[in-house]
**Q** 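Mind looking over this structure? Questions follow.
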Amino acid sequence: MTTTPLPPAAARLNRSLDTDRLAADLAQVTGHTWDLQQSCAPGGLLGTVTDIDWRVLPLIAPNGDTDRTDPGGPGPDTYAPTAWLDRMPYLVEVLASIPAPLNAVRLMALGPGAVGERHCDPKYSLARGFARLHIPLTTNPDAVLHLDGTEHTWQPGEFWYGDFSREHAVRNLGTTTRVHAVIDTLFTIELAALFPPAWREQLADADVLINYPTPLDRTLPAGLPRTLHLPAGFTDFSRDQPLDGDPALADLGHTADHLTLTTAERTFALLHAGPGEWRFSAWSVARTLAPTPDGGAVLHARHGRTHRTLTAATV
């Protein structure tokens, strides 16, 4: 199948937001100094803390942890609202209306004089099934996002998508702080309906991975726990080939509401992704596991329109 290039790197979504209510929400959480942003290394491990005035208030975070300023990644925790979100009733409404599973949601404040380095975040690619959305809450004319060769000054009341797997950087040469709500979500066909018609037309043949909508039936599979032989790449998120690598043992178990996958190094939470499939928390259907009645599992690896499978035997 021939695919077209990905759609433009930025798109304003077909939804306008109430600037007064956004400002009122923001006023409820600005009475203290927010923590500096921390990055997330491959596989969900915590990375470095920024050296510029780039601060974060987590609203949805791994395990609802108010100290987690990073976006999170695959690991033992699932995402949950933090205590800060309770103070922002309008943003709660907006988030509930987004037709896709949410990962991290953070308020990100870029202080006056802060200039970020140009970089790419490969995870946040439509080909991997991810989308990053922005809601500006307050800004100034000299607070600029450089994204894929174009400069943007998104305004309060607007709702934007950006492909941050492409080269980007932020700078704030103004005298006031720029604050955006940054929403990490999985890309679904329902979310695509909020994009402009011309953008959706390009999507039809683009190399994009579309996730299932949030499943209503989250029944846990029978026959757990079980031990599986998995390729090493399946739980190594620094690799782009999850079905490759030497086989290693992994225990598949469950909690009250999700599955767990435990290797010699780490434990991962798995969430219901769609018909019979379970995805890593903080990840998309790019990697899923489907338990089989015989005690094994089928592993799925997707990238854009490419789909590979591998049967993992039980021990």
Side-chain angles (χ1 to χ4, degrees), residues 1 3-11 39-45 47 60 62 70-75 78-79 98-106 119-134 147-148 160-168 182-192 194-195 199-200 202-214 231 233-245 261 268-274 277-290 299-310:
M1 177 184 296
T3 58
T4 62
L6 289 173
S39 65
C40 189
L45 302 176
I60 296 179
D70 62 288
T78 59
Y79 286 95
I98 297 173
L102 302 182
N103 288 336
V105 178
R106 299 172 292 165
H119 65 286
C120 300
D121 295 315
K123 172 182 174 180
Y124 299 103
S125 163
L126 292 175
R128 294 175 184 259
F130 292 95
R132 176 165 277 181
L133 311 178
H134 275 238
L147 177 59
D148 197 32
W160 283 87
Y161 158 78
D163 183 351
F164 292 92
S165 70
R166 309 188 201 186
E167 185 181 75
H168 63 278
V182 179
I183 304 162
D184 293 336
T185 181
L186 304 189
F187 188 71
T188 64
I189 198 66
E190 294 80 7
L191 181 60
L194 299 179
F195 284 67
W199 195 96
R200 296 200 305 270
Q202 295 187 49
L203 179 69
D205 297 316
D207 195 27
V208 169
L209 175 57
I210 297 177
N211 294 268
Y212 302 111
T214 302
F234 194 68
T235 56
D236 184 350
F237 289 84
S238 66
R239 300 190 187 191
D240 284 332
Q241 301 298 329
L243 303 186
D244 294 349
L261 187 67
F268 298 90
L270 303 181
L271 305 178
H272 202 176
E277 295 184 43
W278 296 77
R279 64 176 176 86
F280 291 88
S281 177
W283 212 251
S284 69
V285 294
R287 301 184 191 200
T288 66
L289 182 152
L299 310 182
H300 296 262
R302 301 176 174 92
H303 188 275
R305 295 171 180 266
T306 302
H307 183 190
R308 299 169 58 208
T309 62
L310 177 71

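Sequence positions, counted from 1, serve as the residue numbers for this chain.
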**Q** With a 4.5 Å cut-off on side-chain heavy atoms, are F280 and T235 touching?
**A** yes
**Q** Counting N and O atoms only, with roles assigned by atom type, does the side chain of D236 sit under 3.5 Å from a partner on the main chain of S238, one being a donor and the other an acceptor?
**A** yes
**Q** On the 0 to 90° scale, with breaks at 30° and 60°, tag the W278-H272 ring pair as parallel, tilted or perpendicular.
**A** parallel
**Q** Does R302 offer a backbone N or O that forms a donor-acceptor pair with the side chain of R308 under 3.5 Å?
**A** no
**Q** If I compare all heavy atoms of T78 with all of S281, which pair ends up nearest, and what's the gap?
**A** CA-OG, 3.5 Å
**Q** I need the minimum non-hydrogen distance between R287 and F237, along with the two atoms involved.
**A** CD-CE2, 3.7 Å
**Q** Which atoms form the tightest heavy-atom contact between A192 and F187, and what is the distance?
**A** CB-CZ, 3.6 Å
**Q** Flag the pair L289 / F268 as yes when at least one side-chain heavy-atom distance between them is below 4.5 Å, and no otherwise.
**A** no
**Q** Angle between ring planes, H134 versus F164, binned at 30° and 60°: parallel, tilted or perpendicular?
**A** parallel
**Q** Would you say H168's side chain and R166's backbone share a donor-acceptor pair under 3.5 angstrom?
**A** yes
**Q** Side chains of R279 and P101, heavy atoms from C-beta outward: is any pair under 4.5 Å?
**A** yes
**Q** What is the minimum heavy-atom distance between L243 and T309, and which atoms define it?
**A** CD1-C, 3.8 Å
**Q** Could you check if a side-chain atom of D70 sits within less than 4.5 angstrom of a side-chain atom of S39, using non-hydrogen atoms only?
**A** no
**Q** Taking N103's backbone N and O only, do any of them form a donor-acceptor pair with T185's side chain (distance below 3.5 Å, no angle check)?
**A** no
**Q** Apply side chain to side chain contact (heavy atoms under 4.5 Å, CB included) to S165 and list each qualifying residue two or more places apart in sequence or on a separate chain.
**A** S125, D163
**Q** Side chains of D240 and R128, heavy atoms from C-beta outward: is any pair under 4.5 Å?
**A** yes
**Q** Is there side-chain contact between P7 and R200, with at least one heavy-atom pair below 4.5 Å?
**A** no
**Q** Would you check if N211 and F130 make a side-chain contact, meaning some heavy-atom pair closer than 4.5 Å?
**A** no
**Q** Check side chain to side chain contact (heavy atoms under 4.5 Å, CB included) between A10 and all other residues, then give those that pass, not counting sequence neighbours.
**A** L147, H152, W154, W160
**Q** So do the side chains of R132 and P71 get within less than 4.5 Å of each other, counting heavy atoms only?
**A** yes
**Q** Do any N or O atoms from the side chain of R106 and from the backbone of V182 form a donor-acceptor pair under 3.5 angstrom?
**A** no
**Q** Locate the shortest heavy-atom distance separating A273 from V285; write the atom from each residue and the value.
**A** CB-CG1, 3.9 Å
**Q** Quick check against the 3.5 Å criterion: does D184 have a side-chain atom that pairs as donor or acceptor with the backbone of A131?
**A** no
